[in-house]
Amino acid sequence: MIRPFQRKERVLMRYSNYFIPTIKETPADAEVISHKLMLRAGMIRKVAAGIYNYLPLGLRAIRKVEQIIREEMNRAGAIELLMPVTTPAELWQESGRWEKYGKELLRFKDRKESEFCMGPTHEETVTDIVRRDVRSYRQLPLTLYQVQTKFRDEIRPRFGLMRGREFIMKDAYSFDVDSEAADLSYEKMFNAYRRIFERCGLNYRAVEADTGSIGGSSSHEFMVLADSGEDAIVSCSLCAYAANMEKAEARQVSTKDHAEPRPLERVATPEKRSIEEVAAFLNAATSSLVKSLVFVADDEPVLALLRGDHDLNEIKLKNLLGCESLELAPDAVVEQVTGAPVGFAGPVGIDVRIVADQTVAGMKNFITGGNEKDVHLKSVNLGRDFTVESFADIRDVVPGDPCPRCIDGIMEIWRGIEVGHVFKLGTKYSESLKATYLDAGGKEQVIVMGCYGIGVGRSVAACIEQNHDKDGIIFPIPIAPFHCIVSAVNAKDEAVMAAAEQIYSRLTAAGVETLLDDRDDRPGSKFKDADLIGIPLRIVVGSKNLVDGKVELKERRSGEVELLSIAEAEAKVRQMVAEALAQ
RNA sequence: CGGGGCGUAGCGCAGCCUGGUAGCGCACCAGACUGGGGGUCUGGUGGUCGCAAGUUCGAAUCUUGUCGCCCCGACCA
């Protein structure tokens with residue numbers, strides 16, 4: 001039915017006409033706070049594992065983040081385009097990733113049996129664009145970006161938007177004439193990222209990251225600090241050094257044990273397998289033990305040694321060994337290599353490559369496994385009892401380690417959510433896909449690339465992890481779905497509704513994104529909803545105060561309530577929003 | 001991929017062990033009262049018990065298979 005005269009009324013963002021299906025009870029399968037709150041606040045709904053509907057409120061928050069990203073990308077000189085989700089297999093075969101990417105890559109065939117995949121990232125596609133139409137150094141540098149849905153068939157999607165299979169990502173790619181120019185592009189993007197996460201109101205750290213299988217010279221991750229974060233990051237208490245745990249350097253501790261070597265001793269340790277068990281049984285500190293781990297590196301067994309209280313860092317070990325695959329050896333291999341069941345491995349009298357953490361180099365008279373069931377060795381010493389092929393940093397940093405960069409700094413460990421990642425790619429894709437240009441001398445050169453991602457939905461989730469209380473979400477104004485909610489306490493009171501609508505209209509006209517809660521509900525439920533969905537500012541219009549021409553202004557974060565005249569309240573809201581958006 | 005668990009109304013769950021008319025709370029609809037922090041009462045709507053096969057006079061309940069989901073681990077960006 002067409003009711004043209006209701007058009008104006010429809011334009012009002014009335015809660016009663018809008019769609020914010022909030023729920024009181026916490027859904028059973030949500031683990032982290034952001035997931036719970038996004039479901040409860042009616043922002044998202046699950047469609048399948050790791051796949052979500054973005055409901056209006058959730059979409060508005062996502063759009064806010066996207067908008068900030070676009071503004072900062074554009075400011076940094078990047079240019080927006082849009083690439084398809086569907087990518088033909090040929091491009092991926094050309095780069096070699098069709099085989100390498102594994103099961104995360106969702107593959108499918110069209111009716112003609114041609115193979116495609118859902119893009120988990122777009123290096124291939126964007127490089128294809130550039131190689132077709134960029135010929136000359138005059139066309140460089142060039143940075144292209146898009147905001148697009150990605151699909152990665154994660155083994156275990158979890159935590160709502162935090163680790164979904166389908167997710168919205170901003171990905172940018174830079175193209176430069178040489179690595180020096182590429183460094184400049186990288187720096188521009190790095191700075192743009194700082195601005196983006198600052199504008200989003202996130203408490204984050206930019207940390208050095210391992211470049212992993214993608215290669216390239218350097219990489220930084222932007223980590224939002226949160227206890228629920230899936231990544232461990234370390235930072236120095238004094239200087240600017242910060243890195244992902246995978247990458248964080250452990251400085252060689254110069255504590256050298258000068259004790260005289262004692263004679264090697266065999267001790268019975270029945271059923272004592274773990275470091276803790278052995279240490280307790282022999283009444284020794286875990287740090288006086290040496291942990292021996294058997295790994296299989298490209299089918300070859302390797303023994304890795306660590307001080308008992310340290311953890312192995314597989315990335316570092318993998319980089320040290322320079323192998324393609326690395327995994328902890330299965331029990332059968334351990335038994336074959338050591339001649340003993342798991343739990344009694346040691347370096348003495350063993351015939352495989354031995355690498356050790358640098359900390360081990362300074363140890364004397366330590367305890368190791370005896371390569372025999374229920375036997376450990378005491379007073380084991382390097383050189384005399386066994387030799388190590390190489391010493392290197394192959395352990396995880398632990399809290400209190402000295403900083404690798406400054407003199408007095410101490411390492412601290414945090415949990416973080418990776419919301420952004422910047423990479424110097426080098427020529428990995430431009431080489432395999434033959435993206436080249438002619439330099440000023442007319443000589444063909446390979447383009448040097450960089451890539452830069454931001455998880456948009458994940459940023460919203462991370463924001464909620466950092467901004468909530470027992471009542472719900474507390475959105476920072478820049479990414480709030482609405483800046484202000486006008487609650488008409490008694491929706492049946494005409495004076496109240498009229499005043500609320502006027503406030504709503506004036507705020508909206510002034511650029512304040514406002515939601516009018518006109519629902520005929522009890523005040524309690526309306527307040528609970530407003531708190532839950534996290535609108536930063538709330539104006540409450542009630543009949544009692546309205547008689548004196550007053551309304552209530554409440555700030556969600558502080559809980560501060562002020563009784564103000566309508567004009568004052570409007571002015572204050574406008575000012576607060578303007579200030580928050582001014583950055 | 002290995003281990004564990006769960007699929008019963010929109011949501012949260014009970015019933016299953018010991019087979020015999022499918023239940024509770026919330027939500028939803030109607031009405032009344034109520035009206036500044038998820039209110040009360042009355043009456044109602046809604047489920048082929050994930051799906052399939054089997055055992056049985058009879059299956060939500062027992063058996064097998066299958067699909068989906070969740071958790072831990074391995075793996076991965």
Side-chain angles (χ1 to χ4, degrees), chain A residues 21-32 35-36 39-42 45-51 97 100-105 119-121 123 150-160 162-165 167 169 171 209-216 219 221-223 230-231 244 246-247 295-296 314-315 318 325-331 417-423 451-455 458 470-472 487-493 496 517 519-533 538-546 550-552 554 556 559 561 563:
Chain A
T22 58
I23 38 183
K24 265 196 273 188
E25 285 168 287
T26 304
D29 56 1
E31 285 274 302
V32 297
H35 189 194
K36 288 178 188 168
L39 288 167
R40 288 194 53 210
R45 287 289 183 266
K46 187 170 77 173
V47 179
I51 300 174
R97 285 210 290 183
K100 275 194 175 174
Y101 212 93
K103 287 189 175 172
E104 261 187 40
L105 187 65
T121 172
E123 281 86 3
K150 301 267 190 272
F151 195 95
R152 293 182 191 170
D153 201 355
E154 292 274 352
I155 298 169
R156 194 140 86 86
R158 54 187 137 177
F159 304 152
M162 205 79 93
R163 182 176 283 271
R165 292 194 292 171
F167 57 99
M169 184 173 174
D171 47 326
D210 185 72
T211 47
S213 53
I214 298 185
S219 167
E221 287 168 344
F222 288 77
M223 296 289 206
E230 293 188 272
D231 294 281
N244 189 307
E246 292 176 348
K247 165 90 175 176
F295 276 83
V296 177
E314 281 196 38
I315 304 274
K318 198 172 172 184
S325 76
L326 179 74
E327 55 188 26
L328 204 53
D331 291 1
I417 299 163
E418 181 192 347
V419 290
H421 201 159
V422 293
F423 254 108
C451 76
Y452 318 90
I454 293 179
R458 187 183 274 192
K470 64 173 174 43
D471 293 314
S487 282
V489 170
N490 188 340
K492 282 179 179 156
D493 183 323
V496 166
D517 191 351
R519 293 174 301 167
D520 181 18
D521 253 329
R522 301 181 68 80
S525 358
K526 298 171 79 162
F527 295 155
K528 287 286 185 191
D529 272 341
D531 286 347
L532 178 60
I533 65 180
R538 185 175 86 202
I539 291 179
V540 179
V541 186
S543 41
K544 283 172 205 153
N545 290 324
L546 193 61
K550 304 248 170 164
V551 294
E552 212 176 86
K554 182 168 181 179
R556 174 71 179 86
V561 180
L563 197 58

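Labels below follow one simple rule: chain letters A, B, ... track the order of the sequence lines, proteins then strands, and each chain is numbered from 1.
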If you measure from the Lys or Arg side-chain nitrogens to the Asp or Glu carboxylate oxygens, is any gap between [X] and [Y] under 4.0 Å?
X	Y	value
A/R538	A/D531	yes
A/R97	A/E123	yes
A/E230	A/R163	yes
A/D520	A/K492	yes
A/D471	A/R556	no

To the side chain of [X], which of [options] is closest?
X	options	value
A/A48	B/G37, B/A77, B/C69	B/C69
A/R152	B/C69, B/A77, B/G73	B/A77
A/P523	B/G25, B/C72, B/G36	B/G36
A/A49	B/G38, B/C11, B/C69	B/C69
A/V540	B/C75, B/C76, B/G36	B/G36

Using atom [atom1] in both nucleotides, what's the gap between [N] and [M] to the nearest angstrom?
N	M	atom1	answer
B/A22	B/G15	C1'	8 Å
B/C62	B/U40	P	37 Å
B/U61	B/G50	P	8 Å
B/G19	B/G58	P	15 Å
B/C28	B/G73	P	39 Å
B/C24	B/G43	P	13 Å
B/C17	B/G7	P	14 Å
B/G20	B/G4	C1'	34 Å

Rounding to an integer number of Å, can you tell me how far [X] [atom1] sits from [N] [atom2]?
X	N	atom1	atom2	result
A/I155	B/C71	CD1	C1'	15 Å
A/H35	B/C71	NE2	P	9 Å
A/R40	B/C11	CZ	P	16 Å
A/F159	B/C71	CZ	C1'	10 Å
A/I539	B/G36	CD1	C1'	16 Å
A/R163	B/C70	CZ	C1'	16 Å
A/D531	B/G38	CG	C1'	11 Å
A/I23	B/G10	CD1	P	14 Å

At under 4.0 Å between heavy atoms, what does [X] touch on the DNA or RNA strands: base, sugar-phosphate, or nothing?
X	value
A/E230	nothing
A/R538	base
A/K46	sugar-phosphate
A/E31	sugar-phosphate
A/K103	nothing
A/N545	base
A/D231	base
A/K150	nothing
A/R458	nothing

Any-strand Watson-Crick or G-U partner of [N], both distances under 3.5 Å:
N	value
B/C28	B/G44
B/G23	B/C13
B/G7	B/C67
B/A60	none
B/U55	none
B/G35	none
B/G2	B/C72

Test for a donor-acceptor pair under 3.5 Å between the base of [N] and the side chain of [X], counting only N and O atoms.
X	N	value
A/K24	B/G25	no
A/D521	B/G37	no
A/R522	B/G35	no
A/D529	B/G38	yes

Quiz item: More 5' along RNA chain B: A/D520 or A/T26, using each one's nearest nucleotide?
Solution: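 The residue closer to the strand's 5' end, by nearest nucleotide, is A/T26.
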
Quiz item: Starting at the 5' end of RNA chain B, which residue's closest nucleotide do you reach first, A/V489 or A/H421?
Solution: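 Its nearest nucleotide lies further toward 5', so the answer is A/V489.
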
Quiz item: So, A/R165 side chain and A/G50 main chain: donor-acceptor pair closer than 3.5 Å or not?
Solution: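 Absent.
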
Quiz item: Is a side-chain donor or acceptor of A/R458 paired with a backbone partner of A/E418 at a separation under 3.5 angstrom?
Solution: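 Yes, A/R458 side chain to A/E418 backbone: donor-acceptor pair under 3.5 Å.
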
Practice problem: Over all heavy atoms of both residues, which pair between A/V541 and A/V496 is shortest? Give the atoms and the distance, please. | Solution: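 Closest approach of A/V541 to A/V496: O-CG1, 3.4 Å.
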
Quiz item: Just to confirm, is there a sub-4.0 Å distance from OP1 or OP2 of B/G36 to any side-chain nitrogen or oxygen of A/K544?
Solution: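 Checking A/K544 against B/G36: at least one side-chain N or O falls below 4.0 Å of OP1 or OP2.
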
Self-check item: A/N490-A/S543 side chain donor-acceptor pair, cut-off 3.5 Å
Solution: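 Looking only at side-chain atoms, A/S543 and A/N490 do not form any donor-acceptor pair under 3.5 Å.
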
